[in-house]
Colleague: 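Have a look at this one.
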Amino acid sequence: MNNTTVIVGAGIAGLTLAERLTANGENTHVTIIERNSTPGGLAGTFERNDYLFDIGPHRFHTSDPVVEEYLLNILGDDHIAIKRASSVYMNGKYKYWPLTLGAVISLPFPVLFRSFLDLFRRSKDEGIHNFADFIIAKYGNNLYDFFFSGYTKKFTGMDSDNLHVDWAAAGVNRAVIDKKVKADSLFSLFKSLLLPKPVSTTFYYPSTGGIQTFCDMQIARIKNNGGEVLFNSSAAGIVTSEDTVTGVKLSNGEVIPADKVFWSAPISILYPESGFRFMNTLICNIALSEKQQNTYQWCYFGQEDVIFSRLTVPRNFRKDTVPEGCDSLIAEITAGKDSELWRNPESCRDKLISDLKKVSALNPEDIVFLDWQRIPETYPLYDLEYRNRLSEIELPEGLELLGRCGSFWYNNMDHSIGQALAIAEGKSFEKDFWK
Ligand SMILES: Cc1cc2nc3c(=O)[nH]c(=O)nc-3n(C[C@H](O)[C@H](O)[C@H](O)COP(=O)(O)OP(=O)(O)OC[C@H]3O[C@@H](n4cnc5c(N)ncnc54)[C@H](O)[C@@H]3O)c2cc1C
């Protein structure tokens, strides 16, 4: 071996790249550095007493045949196809998500009437500078006020007019656009009056374990191909000489020499002065002794008086993610790392349980245990300056940024896989899914 390649981060991006580089028999020794004791990053799974909890809802979906071929190649027969069943909680009721005409029609009459009038006042696409402009142009002022504005403030902690328009294009478009579900604007929603019920979308999920099974399978292949994985090793930065990478520095001071470094850990570690910010999420994993009534896989909650922004029901991904006859829930709560809530999640236990009861998600008497997980850097925050920040960065020779946090990209697993596959093939890759 002539060269040494170091990949920082054993999330899906780092693992896909390592798996491909080692499988291709490149003339390089590949080492992965991972701060956690397990692989997967955001696509990780926690297990306790036969209950499996992913980090919120995680399922594979892609329209890229190359990515699909890769993920089915890794999973082999160990996968199931499941139909999407997602919801939004509006006006005290569960509605189908992406929004359907039925959901809009059942809004309170004044909101419905004003939304209908918005159809005739739709703003033009020019003059769209931020998230608020984008949503108002697509859905009108009333749906913006009624749902999107509150949900966004609660979820990101930022006002909609301080978020870059890419946030909407990446997040909302991806969430609502299914090819046959025309819900990408108020106009297409009303137009769909003439169309039959939306067709459901199918996703892949491992048939054993949680979403992390995919990453465990990648690790097995990487090791088999001669790659090395260093868990519990936190990268603190890179080492350079004459503007060329020579290694990765660990937080214990040790340096791992490298000719080439692929960095999928948060970009803010490399460039702390550049102002890149991420959201952080508190996850509450709740085990229940009895089956509850929840029919969705995941559901969004925009109400200010409800502490969580999304609930996930693992049983509706695969029955055996809980012991027979039992159930579980995953609640996501956005919290700053310097907040009291982040330091002491138990302080909101009573409020969480009472909110879960209020939305009929559980019977408190059925709770077996409640586990808190602090998940840092869950979403890159697209403020109005984020593109300038990215364009100002000058990378040293031999360093490449990768993945959701490394390339500061509000993406999905399939995008991280696609990017890693392209890099492994030496092809250029543009993070352009929002266009
Ligand atoms: C709540 C939630 C739900 C989601 N649902 C879906 C879904 O249904 N479908 C979908 O396709 N995508 C979903 N996603 C997105 C998906 O999780 C990501 O796109 C994907 O997992 C990103 O993989 P990655 O390898 O690029 O990044 P990451 O998973 O962030 O990997 C980065 C790795 O770097 C490690 N690391 C961090 N700092 C250091 C350090 N200093 N030193 C060493 N290692 C370090 C981390 O521990 C991690 O393992 C969801 C994301 C969230 C937060």
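Sequential numbering from 1 along the given sequence is applied to the chain's residues. Counting starts at 1 for both ligands and their atoms, in listed order.
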Colleague: Any N/O of R404 closer than 3.5 Å to an N/O of ligand 1?
Modeller: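 Between R404 and ligand 1, an N or O pair is found under 3.5 Å apart.
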Colleague: What protein heavy atom lies closest to atom 29 (O) of ligand 1? Include the residue and the distance to one decimal.
Modeller: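 Closest protein heavy atom to atom 29 (O) of ligand 1: L42 N, 2.9 Å.
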Colleague: For residues T246 and S241, is any side-chain donor paired with an opposing acceptor at under 3.5 Å?
Modeller: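 Note: T246 and S241 side chains miss the donor-acceptor criterion.
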Colleague: Got E392 and S274 here, is their nearest side-chain heavy-atom distance under 4.5 Å?
Modeller: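 In short, these two side chains do not touch, never coming nearer than 4.5 Å.
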Colleague: Indicate, with yes or no, if the rings of F155 and Y379 have centres closer together than 6.0 Å.
Modeller: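 Yes, close enough.
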Colleague: N/O to N/O below 3.5 Å, does that happen between P57 and ligand 1?
Modeller: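 P57 vs ligand 1: N/O contact under 3.5 Å present.
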Colleague: Is the closest heavy-atom distance from P39 to ligand 1 below 4.0 Å?
Modeller: no
Colleague: Taking atom 46 (C) of ligand 1 as the point of reference, which of Q297, E34, E332 owns the nearest heavy atom?
Modeller: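 Result: the heavy atom closest to atom 46 (C) of ligand 1 is in E34.
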Colleague: Run down the list H415, R59, M279, H58 and name the one with the heavy atom closest to atom 9 (N) of ligand 1.
Modeller: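 Among H415, R59, M279, H58, the closest heavy atom to atom 9 (N) of ligand 1 comes from R59.
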Colleague: Does Q419 have a non-hydrogen atom less than 4.0 Å from ligand 1?
Modeller: no
Colleague: Mark the output for Y379 as yes if a heavy-atom distance to ligand 1 is under 4.0 Å, and as no if none is.
Modeller: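 Distance cut 4.0 Å: Y379 passes for ligand 1.
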Colleague: For the pair F308 and F301, name the ring-plane relationship: parallel under 30°, tilted 30 to 60°, perpendicular over 60°.
Modeller: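 Because their plane-to-plane angle is over 60°, the rings of F308 and F301 count as perpendicular.
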Colleague: Take the angle between the ring planes of H79 and Y204 and call it parallel below 30°, perpendicular above 60°, tilted in between.
Modeller: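 H79 vs Y204 ring planes: perpendicular.
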